[in-house]
Number of protein chains: 2
Amino acid sequence: METSHSGDELARMLATLANPHRMRVIAALASGRNYVSALARELGISRPLLQLHLARLEAAGLVTATFELSADGKAMKFYDTVPFTVTLTPQSIALAARTLTLEDGEKTS
Amino acid sequence: METSHSGDELARMLATLANPHRMRVIAALASGRNYVSALARELGISRPLLQLHLARLEAAGLVTATFELSADGKAMKFYDTVPFTVTLTPQSIALAARTLTLEDGEKTS
DNA sequence: TTCACCTGCAAGAGAAAGCTAGCAGGTGCC
DNA sequence: GGCACCTGCTAGCTTTCTCTTGCAGGTGAA
């Protein structure tokens, strides 16, 4: 399930993974799905902070969210990891760098 | 030449790679070593800026620097890429997350 | 109703990253 | 000397990231 990424996608993915909290979130979800509040308790961080990191992980395509109703009718948002495999080498980075957007005047249209 | 990294090392490596300029530096050096000023011209960025990024890349262990004297006696700093292979999966991240430092009271000594 | 649980959002402060401008040193060649 | 090239450093601004605090909504159970 290897995906070919554009340079910008790869950069955003790496920036997203390069954070201790988000690494721990991936680690926690890799051993089983969970919902936001329980995950916050498990990781020992505040729920708003976790939601911020989950939003970034989801934006980078590293986790997915599913809304479900618990047995007693509570609306709960479950998160899962998205399987991915990215191999980083000088060559793979050189390849991705070819498709990087010019941060300045990108749109020529 | 795969290295096993601590969680902190991996995080710093990812943070270092997650930058368009630094990706381009890796790309440029992957096709051949070069010295600072020439590399700055090739990439179209200012020399001080490039030096900043090179320092970060070197700190993350992704490039190495070698001081050499050119034929006409100029002191020139040549940079090379360090071969590396890092495979990123939810599992590998979960493994690295186990060795993450607690950003707060890390030293118990 | 009150409590315990679930969710979402946003303002504001503090910390870190990114970049420029400008200074310093050196060499060799005309 | 003056110019062209090489290197190194840093003060200071701007932008981005990170995190807390505090508010809003909802449900079911005692």
Whole-Å distance between [N] [atom2] and [X] [atom1]?
X: A/L54; N: C/dC9; atom1: CG; atom2: C1'; answer: 15 Å
X: A/L50; N: D/dT20; atom1: CG; atom2: P; answer: 12 Å
X: B/R12; N: C/dA17; atom1: CZ; atom2: C1'; answer: 16 Å
X: A/K77; N: C/dC9; atom1: NZ; atom2: P; answer: 7 Å
X: B/D72; N: D/dC6; atom1: CG; atom2: P; answer: 10 Å

(request) May I ask you to list the residues sharing a hydrophobic cluster with A/Y35, side-chain cutoff 4.5 Å, ordered by chain and number? (result) A/M76, A/F78

Got a list of protein N/O to nucleotides 14-18 of chain D N/O distances below 3.5 Å?
from, atom 1, to, atom 2, distance (Å)
D/dT18, OP1, A/N19, ND2, 3.1
D/dT18, OP1, A/R22, NH2, 3.3
D/dT18, OP2, A/R22, NH1, 3.4

(message) Of the listed nucleotides (C/dG28, D/dG28, D/dT7), which one gets closest to any side-chain atom of B/K74?
(response) C/dG28

(request) Kindly write out the residues that satisfy salt bridge (charged side-chain N to carboxylate O under 4.0 Å, His left out) with A/R33, not counting sequence neighbours, or none if the list is empty. (result) A/E68, A/D80

Side chain [X], main chain [Y], donor-acceptor under 3.5 Å:
X: A/E9; Y: A/S6; answer: yes
X: B/T81; Y: B/I26; answer: no
X: B/S92; Y: B/T87; answer: yes

(message) Please list, in numerical order, the residues of residues 26-48 of chain A that have a heavy atom closer than 4.0 Å to any atom of DNA chain D.
(response) A/S46, A/P48

(request) Establish, with yes or no, whether the OP1 or OP2 oxygen of D/dG8 is under 4.0 angstrom from a side-chain nitrogen or oxygen of B/Q51. (result) yes

(request) Tell me, please, which residues at least two apart from B/S46 pass side chain to side chain contact (heavy atoms under 4.5 Å, CB included). (result) B/P48, B/L49

(message) Restricting to side chain to side chain donor-acceptor pair (under 3.5 Å), what partner residues turn up for B/Q91, sequence neighbours left out?
(response) none

(request) From the options A/R41, A/K77, A/E42, select the one residue that forms a side-chain hydrogen bond (donor to acceptor under 3.5 Å, both in side chains) with A/N34. (result) A/E42

